[in-house]
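First the structure, in the form of structure tokens, and then the observations on it.
Being a predicted model, the structure only gives us computed values, none of them experimental. Within every chain, numbering begins at 1; the chains are lettered A, B, ... in the order of the sequence lines, protein sequences first and strands thereafter.
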Amino acid sequence: MVLRVALHLEPFDPLVALAAWQRHREQDVSPQAPWARAAAEAHFIGRVRSLSANGEPLAALELEHYPGMTEAQIERLAAAVLARHGLAHALVEHRVGRALPGEALVLVAVGADRRGPAQRGCQELLEALKHDAPFWKREWCGADGRWLEGNTPL
Amino acid sequence: MVLRVALHLEPFDPLVALAAWQRHREQDVSPQAPWARAAAEAHFIGRVRSLSANGEPLAALELEHYPGMTEAQIERLAAAVLARHGLAHALVEHRVGRALPGEALVLVAVGADRRGPAQRGCQELLEALKHDAPFWKREWCGADGRWLEGNTPL
Amino acid sequence: MPTRLVTVRLFAALRERAGWGERRVALPADQPRMSATDLWWQLELGDRAAGADGAQPGSLPSSLRVAINQAFASPDQPLQAGDELAFLPPISGG
Amino acid sequence: MPTRLVTVRLFAALRERAGWGERRVALPADQPRMSATDLWWQLELGDRAAGADGAQPGSLPSSLRVAINQAFASPDQPLQAGDELAFLPPISGG
């Protein structure tokens, strides 16, 4: 079981993050490596919308977090999902600070030996992040900032 | 609604395929573009296992297809899933021919305005490929080739 | 009446058991509503290729699917001159 | 008895409504089992910060969660000297 959690203060490219993660697979070729049994990978990428929750054009989305606790809490959530589904590996990268429409907010990638656990693990880890990792979003439309309370529906 | 289907006779890198797909997003910045409303993306990557269905070390996996029908059938399946979930875009890339353990067999990527449709659409499209797109797998262990009848369980 | 030809294609295990992958077949002049199921038995694919899954004449082995002109079709659909008919063993994609 | 200090942290809307984000607070010597809920009311966060979600003394607004030393904790857990206590408004991550 391999786990990586990273927060980004600046824009990040999820495909670059996935490529870095994939290099671990290519470098660790022992048959016992968690990578060797992970024939199935599920990813999720969430980006900043172009409209606010109220339907106005969004200038930016601000993401506040709790430095230290946020990272530790994501690791606890990911370890629980990894154990529950017998996953081989998981990667969580999350943006913090001020992000622009279209920029990546969150990347979740998990690997497992079969597609079912990979897909379910990826979904559960994303829901856990949304509900149980300390992040707070503020939408900026022009000069007005409005804190969101809760998440968009599934 | 944007759809791309590609078959690969040679090894392909799913992250390179995703990057090429993402460049469409970056080049097409009109607010009406399907990309603009696709804040959620779900991906699935399937690779050749290192063991056969019988648990023997696998030398190679051969994938036969029905040239012409396979591509057309994937497009029909994808169009149905795109319409059913109101998805913004979908990408399917599939390996054919002789593939080695660890090599990518299938990439499915879909975009939607919310995470639920993106995740469900990606899962349904993968199941549709597995059951309703004409592909046949033959496992090679040493000199013996064995056709698989049906798929691994979810 | 002109000769009505169809192309018959077999795939994967089915092709290897039959020993051929593609064949041009003339539909009999006296059977204007000949179907994929009829042709399956006329070509003796049932005897030589169906294995344990063999069905009785009048039906196809339940694990097989039929494509006509590269789209799934009913095995009972009457064939037309020029059709490309394929017998598809169980699919294992993705 | 030495002064027992805890660090109190507020985030997002809660921080902005209260006007501060971090404060060192001495636990009263005569309340050895003081909890996050007790401190919430002692710091008058309920009056000034809870808004429409305000609860009565004795409980926290239901939308809030408490972290002690950077892990979720019960709002009724007695605080220890040196603890880092955080009041967390509704989460919106991912």
Side-chain angles (χ1 to χ4, degrees), chain A residues 13-23 25-26 28-33 35-51 57-58 61 101-120 122-124 126-127 129-130 151-154, chain B residues 13-23 25-26 28-33 35-51 57-58 61 101-120 122-124 126-127 129-130 151-154:
Chain A
D13 183 336
L15 297 184
V16 170
L18 285 168
W21 192 230
Q22 185 174 278
R23 277 194 292 278
R25 164 197 291 275
E26 288 156 4
D28 187 356
V29 294
S30 75
Q32 288 75 35
W35 310 101
R37 64 180 184 87
E41 250 177 71
H43 306 160
F44 180 84
I45 297 170
R47 295 176 189 276
V48 181
R49 287 162 209 283
S50 49
L51 298 178
L58 191 72
L61 186 71
E103 288 180 354
L105 277 183
V106 61
L107 164 68
V108 178
V110 311
D113 56 349
R114 289 179 299 121
R115 64 193 187 283
Q119 291 167 324
R120 288 191 293 272
C122 187
Q123 272 173 268
E124 282 188 29
L126 179 65
E127 293 309 305
L129 290 179
K130 290 201 164 264
N151 292 293
T152 52
L154 254 176
Chain B
D13 183 335
L15 297 183
V16 170
L18 285 168
W21 191 230
Q22 184 173 278
R23 278 194 293 277
R25 163 196 292 277
E26 289 156 5
D28 187 356
V29 293
S30 75
Q32 289 76 36
W35 309 100
R37 65 181 183 86
E41 251 177 71
H43 307 161
F44 179 84
I45 297 169
R47 294 176 190 276
V48 180
R49 288 162 210 283
S50 49
L51 297 179
L58 190 72
L61 187 70
E103 288 181 353
L105 277 183
V106 61
L107 164 67
V108 178
V110 311
D113 56 349
R114 289 179 300 122
R115 65 195 186 281
Q119 291 167 325
R120 289 191 293 272
C122 187
Q123 273 172 271
E124 282 188 28
L126 180 64
E127 293 310 305
L129 289 179
K130 289 201 164 264
N151 292 294
T152 53
L154 253 175

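- Proximity to chain A is absent for every atom of B:Leu51, based on heavy atoms less than 4.5 angstrom apart.
- At a threshold of 4.5 Å between non-hydrogen side-chain atoms, the residues A:His43 and B:Ile45 count as touching.
- To the nearest 0.5 Å, atom CD of residue B:Gln123 and atom CZ of residue A:Arg120 are 8.5 Å apart.
- Residue with the most contacts toward chain A among B:Val48, B:Leu126, B:Val16, B:Val106: B:Leu126 (heavy-atom pairs, distance under 4.5 Å).
- Between A:Phe44 and A:Cys122, the shortest heavy-atom distance links the atoms N-SG, 3.8 Å.
- Between chain A and the options B:Leu18, B:Asp113, B:Leu15, B:Leu105, the largest number of non-hydrogen pairs under 4.5 Å is found for B:Leu15.
- When all heavy atoms of A:Arg47 and A:Pro14 are compared, the closest pair comes out as NH2-CG, 4.4 Å.
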